[in-house]
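Beneath this line is the structure, given in structure tokens, with notes to follow.
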Amino acid sequence: MSVGVVRESAAGERRVALVPKVVGTLVGKGVPVIVESGAGLEALIPDEQYVDAGATIGDPYSADVVVRVAPPSDAEIGKLRSGQKLIGFLAPRNADNQIDALKSAGVEAYAVEAIPRISRAQVMDALSSQANVAGYKAVISAADLSTRFFPMLTTAAGTVKPATVLVLGVGVAGLQALATAKRLGGRTTGYDVRPEVAEQVRSVGAQWLDLGIDAAGEGGYARELTDDERAKQQQALEDAIKSFDVVITTALVPGRPAPRLVTAAAVEGMKAGSVVVDLAGETGGNCELTEPGQTVVKHDVTITSPLNLPATMPEHASELYSKNLLALIELMLDDNGAITPDFEDEVVAASCVTRSDEEVSA
Ligand code: NAD
């Protein structure tokens, strides 16, 4: 059984699926690893480091298991063969065509997004590892774009008040954003529609904004709000947002467009020089004035919506992602170094989105 590491082709994607340390671990377990030349270059990892770790440089598509970060292009799907295994972010909820193409090609595909959010699978949870990177980088971007300091400064030339930071949607990315903003000296507040999040928000030194809406859904995710709830939420947030220098939004509902939390009127009410960082751009954005992938200035407020923040920190993002993939591969590896997935295992069953003979889920 061999593993192939591809060179990512998506625009702006700088991560690599396996770093040399993890390659060394797999080789040590008797699993040969074939790395496409230049696979790690964007993460500043030259081919030689992979060779030193025991990999060979060659055609990753000749391997039994192909690992990658971003979903494959049509051309890359064309290089896969029936019975071959593929592991990576495959956007199973959004990329129906690609999933159909993988199924027609007879590929056994595992989407890391579909790994259940259960304690046993935390080590494989690539959504979480990458959301941590995004939450951190969102704050750094906000600080960069802000016309004001984050920390309180007492200087001979006067005292500067700390920045007030509001995080809307406190899942993994939001919690990391609150923690990072706090470390930078900001005065932080968190808001979510799942009431159980209040305790987590307080645990990272932030205040909890309570708007009295409970929209906890299934599996720890939020449900979509009703029209009445949405109107109430938007109005309440419009009032609250005025007093914040920085608003970071990360609110998502699985399989649905991003909820609109920040209206144009809310942006208009913010002080000039304030910043909105919208991490929900890929599904339309949490802010009405967001232009996904762009940084715009509206009503003297800077609104930025980066689309793939983890790719901007390729070294640590790849390191964490590699460890997620290693754990998933180890779950399927038998004592003879062969991949023998146990479809009775809920992690294997949930993450497998196509099989050679049938579509398992999507
Ligand atoms: P996510 O990215 O799907 O959503 C981000 C946040 O947006 C969520 O907290 C959600 O409640 C919130 N949200 C949605 N609609 C909203 C609205 N209208 N207004 C305000 N907030 C809104 O979330 P995630 O980071 O992927 O986390 C999802 C769940 O998985 C959480 O319960 C998290 O604790 C859980 N989780 C569990 C594990 C584990 O045990 N293995 C690991 C990671 C996450």
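Indexing begins at 1, ligand by ligand and atom by atom, following the structure's order. This is a predicted model, so every value here is computed, not measured. Along the sequence shown, residues carry numbers from 1.
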Non-hydrogen side-chain atoms of Val16 and Ser318 separated by less than 4.5 Å:
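Contact flag for Val16/Ser318 side chains = yes.
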Report, as yes or no, whether the 6.0 Å neighbourhood of atom CD on Glu344 holds more than 12 heavy atoms from other residues, nucleotides or ligands.
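Atom CD in Glu344 is not packed in, count stays at 12 or less.
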Within 6.0 angstrom of Lys21 NZ, more than 12 heavy atoms from elsewhere
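Atom NZ in Lys21 is not crowded, with 12 or fewer foreign heavy atoms closer than 6.0 Å.
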Phe343 ring centre to Arg355 NZ or CZ under 6.0 Å, with the angle to the axis within 45°?
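Relative to the ring axis of Phe343, which defines the angle, Arg355 lies inside both limits.
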Does one hydrophobic cluster hold both Tyr61 and Leu86, with members joined at side-chain heavy-atom distances below 4.5 Å?
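As far as the 4.5 Å side-chain criterion goes, Leu86 and Tyr61 are connected within one cluster.
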Atom pair OG/OH of Ser351 and Tyr110 - distance to nearest 0.5 Å
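Nearest 0.5 Å value for the OG-OH distance: 6.5 Å.
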Please output the residues near ligand 1 using a strict heavy-atom distance under 4.0 Å, listed in chain and residue-number order.
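Those residues closer than 4.0 Å to ligand 1 by some heavy atom are Arg117, Ile118, Gln122, Asp125, Ser128, Gly169, Val170, Gly171, Val172, Tyr191, Asp192, Val193, Arg194, Gly220, Tyr221, Ala222, Leu225, Gln233, Thr250, Ala251, Leu252, Val253, Pro259, Leu261.
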